[in-house]
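Below you'll find the structure, written out as structure tokens, and then a few comments.
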Amino acid sequence: MNEEKIKQLLKTGRGQVEGILKMYEEGRYCVDISKQILSVIAMLQNANALILNDHISTCVTEAIFEQKGKEKIDEITEILVKYLR
């Protein structure tokens, strides 16, 4: 499980968002703000990938063994469709 890594990424992302808000309020250079936003997006994507990996490794695998995998697979598919848009 990636629990500690996920929590660290989310906490770091929260701190970066607070920093971005401060930069914006201070009227900092727009490109610098944009770069920081992209950094947070990448961090959240990494956290999301780890969360989905853990979900597949636990919940989806368990559901498949219980012959209830279709619903969980459909959920993952829905997430992937939204992500790929």
Side-chain angles (χ1 to χ4, degrees):
M1 294 284 290
N2 295 297
E3 185 176 345
E4 289 304 315
K5 175 89 172 158
I6 292 165
K7 288 187 338 187
Q8 186 59 47
L9 285 168
L10 293 174
K11 287 178 182 181
T12 301
R14 177 178 55 200
Q16 282 189 309
V17 168
E18 290 171 1
I20 292 167
L21 178 58
K22 184 177 178 184
M23 289 174 70
Y24 184 77
E25 290 172 341
E26 292 172 351
R28 300 270 296 273
Y29 187 55
C30 296
V31 173
D32 291 341
I33 295 169
S34 182
K35 287 179 183 178
Q36 290 302 311
I37 290 171
L38 292 173
S39 175
V40 171
I41 290 169
M43 189 174 303
L44 291 175
Q45 287 174 329
N46 287 337
N48 193 36
L50 291 171
I51 289 168
L52 289 175
N53 185 359
D54 285 354
H55 180 64
I56 291 167
S57 298
T58 57
C59 299
V60 176
T61 301
E62 182 179 308
I64 289 169
F65 283 126
E66 295 174 358
Q67 305 298 315
K68 300 176 185 175
K70 181 168 177 12
E71 179 182 328
K72 298 295 181 188
I73 291 169
D74 289 346
E75 288 175 342
I76 295 295
T77 301
E78 181 182 333
I79 294 276
L80 292 174
V81 167
K82 288 179 182 179
Y83 180 75
L84 295 172
R85 286 187 184 157

State yes or no: do Ile64 and Ile79 share one hydrophobic cluster built from I, L, V, M, F, W and Y residues joined by side-chain heavy-atom distances below 4.5 Å, directly or via other members? yes
Joint hydrophobic cluster, Ile76 plus Tyr83, side-chain heavy atoms closer than 4.5 Å: no
Output for pair (Asp54 CG, Glu3 CD), nearest 0.5 Å, gives 8.5 Å
Step by step, work out the side-chain contact (heavy atoms from CB on, under 4.5 Å) result for Met1 and Thr58. CA-CA 9 Å; Met1 294 284 290; Thr58 57; 3.8 Å; yes
Between Leu9 and Met43 the two heavy atoms that sit nearest each other are O-SD, 3.2 Å
Are Val40 and Ile6 joined in one hydrophobic group, where the rule is that I, L, V, M, F, W and Y side chains link up if heavy atoms are under 4.5 Å apart? yes
Interatomic spacing from CG in Asn2 to CG in Leu52 - rounded to 0.5 Å: 11.5 Å
Check for me, please, whether Leu50 and Ile41 land in the same ILVMFWY cluster - side-chain distances under 4.5 Å, paths through other members count. yes
Please report the closest heavy-atom contact between Ala63 and Lys72, naming both atoms and the distance. CB-CG, 3.5 Å
Check: residues 10-36 side-chain donor-acceptor pairs under 3.5 Å, at least two apart:
unit_1: Thr12; atom_1: OG1; unit_2: Gln8; atom_2: O; d: 2.8
unit_1: Thr12; atom_1: OG1; unit_2: Gln8; atom_2: NE2; d: 3.2

